[in-house]
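Taking it in order: structure first as structure tokens, then the write-up.
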Amino acid sequence: MSIGVTGLRKSFGDVSVVHGIDLHVDDGKMLVLLGPSGCGKTTTMRCIAGLDTPESGRISIGGKVVFDSAAGVNVSADKRNVGMVFQSYAIWPHMTVYQNVAFSLEIARTPRAETKARVEAMLELVGLRDLGARGASQLSGGQMQRVALARSLVTNPSVLLLDEPLSNLDARLRDYLRVQLREIQTSLKITALYVTHDQHEALALADDIVVLEAGEVLQRGAPIDMYYAPNSSAVAQFLGYSNIFDATLRTRTGATCEAVLDTCGLAVTGTAGTAGIADAAAVCIRPNDIHLSAAPSNTTASDLPENTYLAEVIFSSFEGTQVHYRARTDGGTIWDIVSPDVAGTIVMGTRAVVHVAADRVLILPRTRSDVAAQ
């Protein structure tokens with residue numbers, strides 16, 4: 001079933017958290033709300049679930065209106081047929097795995113045979129078939145998260161809402177459960193709304209991503225479109241462009257721009273990401289798009305081609321399949337660089353050259369969320 005949100009507004013006291021946002025999730029698709037803490041993504045989800053009451057707006061689930069401030073409609077949370085998985089799992093430790101998953105069916109007075117069949121099928125689906133009798137307090141974090149997912153799905157909800165459900169897990173387990181969660185969602189063809197501040201989760205899980213900032217929608221699109229074509233530097237920052245520098249636009253010819261970094265005057269050539277870019281711009285570069293090499297002896301800045309700068313390596317961290325560097329250019333800007341060359345000889349203190357191809361540089365409108373490199 002689809003989810004529709006129109007003109008949603010929510011405040012807590014004098015603090016406005018959600019500012020009239022519109023959302024739509026198609027039947028069987030997963031929409032990911034991406035943004036920093038405090039941007040309104042969890043509040044939006046709680047309003048859809050019926051756990052928070054908006055000041056104004058309209059919410060529908062499967063074409064049925066569950067909230068409409070103008071019409072005075074506000075269907076209670078227990079009547080919206082929504083499954084929700086919380087960040088904290090909310091598993092009852094005194095119950096077994098089976099009892100946790102069966103609880104909502106028992107409250108609804110579902111016949112015992114049907115309850116048993118549905119719980120066993122759900123435990124099979126989430127990979128916990130042999131753990132039904134185990135006490136919930138004896139489970140690992142990943143197992144608890146799968147119990148929470150099974151408990152949300154066993155009631156056959158119209159939609160599934162997930163509030164940063166993987167954030168308490170270690171990186172390897174997050175990667176594993178992320179794949180499993182996506183497989184379950186697509187196999188059941190259930191409409192889902194997922195909240196996260198993690199760009200990797202957003203890109204891996206979503207059919208569509210909505211980037212929120214300060215209670216407003218900054219951009220919506222398919223993951224691949226968002227990744228390669230953010231519409232502002234704030235969106236770029238959420239999607240992995242860790243090198244974001246305040247700059248002033250100097251020249252523009254079609255899509256090709258030259259900008260000057262405000263902090264040091266370095267000229268950078270790149271591609272304009274939007275026709276509406278103003279003089280106050282931001283140069284945005286992903287760390288894996290920067291090439292780092294040792295500087296030949298006696299090299300001067302005048303010897304270097306476009307988008308190539310002398311620098312000193314001030315940080316180096318081996319990360320298995322890659323090396324993460326930070327390099328300070330002679331102009332004083334610090335660049336984050338990720339290199340696949342794990343056998344290289346570049347170490348801290350190396351005199352180096354950083355280079356980025358012009359087609360890997362986005363010059364975008366500067367927005368309030370940017371964190372310019374120092």
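For Thr186 (side chain) and Arg182 (main-chain N/O), a donor-acceptor pair under 3.5 Å exists by modelled atom type. Judged by distance alone, the side chain of Gln185 and the main-chain N or O of Ile190 form a donor-acceptor pair under 3.5 Å. Under the 3.5 Å distance criterion, the side-chain polar atoms of Asn231 are matched with a main-chain donor or acceptor of Leu218. Remark: the backbone N or O of Gly7 is paired with a side-chain donor or acceptor of Asp22 at under 3.5 angstrom. Asn243 contributes a side-chain N or O that, together with a main-chain N or O of Asp336, makes up a donor-acceptor pair within less than 3.5 Å. With hydrogens and angles disregarded, no donor-acceptor distance shorter than 3.5 Å links the side chain of Thr350 to the backbone of Ala352. For the pair Asp26 (side chain) and Lys29 (backbone), a donor-acceptor distance under 3.5 Å is absent. The main-chain N or O of Val154 is found under 3.5 Å from a side-chain atom of Arg118 such that the two form a donor-acceptor pair. Under the 3.5 Å distance criterion, the side-chain polar atoms of Arg172 are left unmatched by any main-chain donor or acceptor of Arg174. Here the side chain of Thr196 pairs no donor or acceptor atom with the backbone of Leu34 at under 3.5 angstrom.
In terms of heavy-atom proximity, Ala282 sits nearest to Ile244 at CB-CG2, 4.1 Å. Between Arg286 and Arg360, the closest heavy-atom pair is NH2-NH1, 4.0 Å. Asp52 and Lys10 get closest at one heavy-atom pair: CB-CE, 4.3 Å. Between Leu212 and Pro36, the closest heavy-atom pair is O-CD, 3.7 Å. When every heavy atom of Val17 is checked against every heavy atom of Gly40, the shortest pair comes out as CG1-CA, 3.8 Å. Between Asn100 and Ala136, the closest heavy-atom pair is ND2-CB, 3.7 Å.
Between Leu292 and Ser339, every side-chain heavy-atom pair lies at or beyond the 4.5 Å cut-off. Between Glu164 and Lys41, the closest side-chain pair of non-hydrogen atoms falls below 4.5 Å. Side-chain contact check for Thr251 versus Thr253: every heavy-atom pair is 4.5 Å or farther apart. Counting only heavy atoms from C-beta outward, the side chains of Met84 and Met45 approach each other to under 4.5 Å. Cys47 is not listed as a side-chain neighbour of Val18, based on a closest heavy-atom distance of 4.5 Å or more. Residues Arg9 and Ser16 form no side-chain contact, since every pair of their non-hydrogen atoms from C-beta on lies 4.5 Å or further apart. Using a 4.5 Å heavy-atom cutoff, the side chains of Val323 and Ser316 are in contact. Ile3 places none of its side-chain heavy atoms less than 4.5 Å from the side chain of Leu23.
Counted within 6.0 Å of CE on Met1, heavy atoms from surrounding residues, nucleotides or ligands total 12 or fewer; the atom is thus considered open. Taking a 6.0 Å sphere around NE2 of His324, one finds it holds more than 12 heavy atoms contributed by other residues, nucleotides or ligands. Taking a 6.0 Å sphere around CZ of Arg129, one finds it holds 12 or fewer heavy atoms contributed by other residues, nucleotides or ligands. The local environment of NE2 in His291 is sparse, with at most 12 non-hydrogen atoms from other residues, nucleotides or ligands closer than 6.0 Å.
Of the candidates Ile21, Val25, Leu33, Val210 forms a side chain to side chain contact (heavy atoms under 4.5 Å, CB included) with just one, namely Leu33. Leu160 pairs in a side chain to side chain contact (heavy atoms under 4.5 Å, CB included) with only one of the listed residues (Ile184, Val82, Leu188, Leu153), which is Leu153.
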CA sep, side-chain torsions, deciding dist, call: Val361, Thr269, side chain to side chain contact (heavy atoms under 4.5 Å, CB included): CA-CA 7 Å; Val361 178; Thr269 300; over 6 Å; no
Go through the steps to decide whether Arg220 and Asp208 satisfy the test side chain to side chain contact (heavy atoms under 4.5 Å, CB included), and finish with yes or no. CA-CA 7 Å; Arg220 173 174 180 156; Asp208 280 304; 3.6 Å; yes
Test side-chain hydrogen bond (donor to acceptor under 3.5 Å, both in side chains) on Asp262 and Thr248 and set out the steps. CA-CA 7 Å; Asp262 291 347; Thr248 300; 2.9 Å; yes
Full working for side chain to side chain contact (heavy atoms under 4.5 Å, CB included) between Asp330 and Tyr309: CA-CA 8 Å; Asp330 287 357; Tyr309 315 99; over 6 Å; no
Apply side chain to side chain contact (heavy atoms under 4.5 Å, CB included) to residues Gln180 and Arg146 and explain how you reach the verdict. CA-CA 10 Å; Gln180 188 178 48; Arg146 282 182 279 169; 3.2 Å; yes
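Using cut-offs of 30° and 60° on the angle between ring planes, the pair Tyr227 and Tyr241 is tilted.
Between Glu258 and Arg250, at least one side-chain N (NZ, or NE/NH1/NH2) sits under 4.0 Å from a carboxylate O, which counts as a salt bridge. Salt bridge annotation for Arg178-Asp175: present, with a cationic side-chain nitrogen under 4.0 angstrom from a carboxylate oxygen.
Atom OG of residue Ser242 and atom CD1 of residue Ile334 lie 12.0 Å apart, to the nearest 0.5 angstrom. Rounded to the nearest 0.5 angstrom, Asn307 CG and Ile290 CD1 are separated by 10.5 Å. Separation of atoms OG (Ser167) and CG (Asp198) is listed at 9.5 Å; rounding is to 0.5 Å. One finds the OG atom of Ser60 at 12.5 Å from the CZ atom of Phe67 (value rounded to the nearest 0.5 Å). Between atom CG of residue Leu304 and atom CG of residue Leu310 there is a gap of 5.0 Å, rounded to the nearest 0.5 Å. With rounding to the nearest 0.5 Å, the separation of CZ in Phe12 from CD in Glu55 is 8.0 Å.
By the criterion of side-chain heavy atoms lying less than 4.5 angstrom apart, applied directly or through intervening Ile, Leu, Val, Met, Phe, Trp or Tyr residues, Trp92 is not grouped with Leu131; the two fall into different hydrophobic clusters. Both Met144 and Leu173 belong to a single network of hydrophobic side chains, linked directly or stepwise wherever heavy atoms of I, L, V, M, F, W or Y lie under 4.5 Å apart. Connection of Leu125 to Leu177 is established within a shared hydrophobic cluster, with ILVMFWY side chains joined at heavy-atom distances below 4.5 Å, either directly or through further cluster members. Residues Val147 and Phe86 do not share a hydrophobic cluster, clusters being chains of Ile/Leu/Val/Met/Phe/Trp/Tyr side chains in contact below 4.5 Å. Criterion: ILVMFWY side-chain heavy atoms under 4.5 Å apart, direct or through other members. Under it, Leu205 and Val195 are not part of a common hydrophobic cluster.
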